[in-house]
Amino acid sequence: QVQLVESGGGLVQAGGSLNLSCAASVCTFNRCTMGWFRQAPGKEREFVAAIRWTDGSTVYADSVKGRFTISRDNAKNTVYLQMDSLKPEDTAVYYCAWSPRWVEKRELDYSYWGQGTQVTVSS
């Protein structure tokens, strides 16, 4: 069983920053992937960023490249999403996700999901 708990969401003005965190269990056999997805009102859930636990390799959605940074702290078993230069279109519920394999962007590749944390960016 893997339990994911997101935190760090809130209300911020356009151009501001937020730091999201996701507390997770240890990566078994060091082959897991942690990802961030988001879902805006009336929209489908979309991929944001992912990180492979062992080597720290990352992948980002085009819409957040250069603005968001995903990272992990092995000692704390926590993944982070640093969000800078936020735009109103970034407004969504952000979800932390876990996969037992080395995957990237496909939602179906992730097995466990957090409850989500709301991010609202005002114009």
Side-chain angles (χ1 to χ4, degrees):
Q1 183 181 22
V2 177
Q3 185 175 21
L4 307 175
V5 180
E6 305 99 329
S7 63
L11 175 64
V12 66
Q13 191 173 3
S17 300
L18 284 174
N19 304 87
L20 305 185
S21 64
C22 177
S25 59
V26 67
C27 182
T28 305
F29 301 116
N30 297 315
R31 296 186 65 86
C32 60
T33 302
M34 297 292 295
W36 287 97
F37 290 76
R38 66 187 182 185
Q39 186 168 25
K43 303 294 184 180
E44 296 182 356
R45 188 154 58 185
E46 65 175 346
F47 171 81
V48 176
I51 184 168
R52 293 182 176 180
W53 202 260
T54 300
D55 62 9
S57 62
T58 60
V59 61
Y60 296 90
D62 290 341
S63 60
V64 305
K65 287 181 179 178
R67 300 188 299 119
F68 291 10
T69 303
I70 187 172
S71 62
R72 85 273 195 259
D73 187 324
N74 292 44
K76 296 181 179 180
N77 293 322
T78 301
V79 64
Y80 303 92
L81 185 68
Q82 174 66 41
M83 305 186 295
D84 298 318
S85 301
L86 283 163
K87 306 174 181 179
E89 53 260 43
D90 294 319
T91 296
V93 176
Y94 283 70
Y95 297 90
C96 180
W98 176 92
S99 172
R101 298 172 286 107
W102 288 10
V103 299
E104 292 188 345
K105 303 177 180 180
R106 296 195 308 174
E107 182 176 347
L108 292 177
D109 287 334
Y110 293 83
S111 301
Y112 291 89
W113 297 79
Q115 85 290 345
T117 185
Q118 177 70 48
V119 172
T120 302
V121 184
S122 62
S123 60

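Connection of Tyr60 to Phe47 is not established within any shared hydrophobic cluster, with ILVMFWY side chains joined at heavy-atom distances below 4.5 Å, either directly or through further cluster members. In terms of hydrophobic clustering, with Ile, Leu, Val, Met, Phe, Trp and Tyr side chains grouped at heavy-atom distances under 4.5 Å, Val59 and Leu20 are assigned to different clusters. Cluster annotation: Ile70 is connected to Tyr112 through the hydrophobic network of ILVMFWY side chains, with a link wherever side-chain heavy atoms come within less than 4.5 Å. Under the 4.5 Å side-chain contact rule for hydrophobic residues, Trp53 and Trp113 do not share a cluster.
Considering all non-hydrogen atoms of both residues, Lys43 and Gln39 come closest at O-NE2, 3.2 Å. Of all heavy-atom pairs between Ser21 and Thr78, the closest is CB-CG2, 4.1 Å. Shortest non-hydrogen contact noted between Val119 and Met83 is CG2-CE, 3.8 Å. Considering every non-hydrogen atom in both Arg38 and Ala92, the closest pair reads CB-CB, 3.8 Å. Considering every non-hydrogen atom in both Arg45 and Tyr95, the closest pair reads CD-CD1, 3.8 Å.
Put simply, the side chain of Trp102 gets close to the backbone of Arg31: a donor and an acceptor are under 3.5 Å apart. Looking only at distances, a side-chain donor or acceptor of Glu6 sits under 3.5 Å from a matching main-chain atom of Gly116. In terms of modelled atom types and a separation under 3.5 Å, the side chain of Thr33 and the main chain of Arg52 share no donor-acceptor contact. Formation of a donor-acceptor pair under 3.5 Å by the Arg72 side chain with backbone atoms of Thr54 is found in this model. Between the side chain of Ser99 and the main chain of Asp109, a donor-acceptor pair closer than 3.5 Å is present.
The ring-ring contact (aromatic ring centres under 6.0 Å, His included) test applied to Tyr94 returns no partner, not counting sequence neighbours.
Note: Trp36 and Phe68 fail the aromatic proximity criterion, with ring centroids not under 6.0 Å apart.
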*Mind running side chain to side chain contact (heavy atoms under 4.5 Å, CB included) on Val79 and Trp98 for me, showing each step along the way?*
CA-CA 10 Å; Val79 64; Trp98 176 92; over 6 Å; no
*Yes or no on salt bridge (Lys or Arg N to Asp or Glu O under 4.0 Å) for Lys65 and Asp62, after CA distance, side-chain angles and deciding distance?*
CA-CA 5 Å; Lys65 287 181 179 178; Asp62 290 341; 3.0 Å; yes
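Leu4 CG to Ser111 OG: the interatomic distance, rounded to the nearest 0.5 Å, is 10.5 Å. Here Met34 contributes atom CE and Leu81 contributes atom CG; the two are 11.5 Å apart, rounded to the nearest 0.5 Å. If you take CD on Gln3 and SG on Cys96, they are separated by 11.5 Å, rounding to the nearest 0.5 Å.
Proximity of Thr91 to Gln118: side-chain heavy atoms (C-beta onward) are separated by under 4.5 Å at one or more points.
Sparse packing is recorded around CD of Glu44, with 12 or fewer heavy atoms of other residues, nucleotides or ligands lying under 6.0 Å away.
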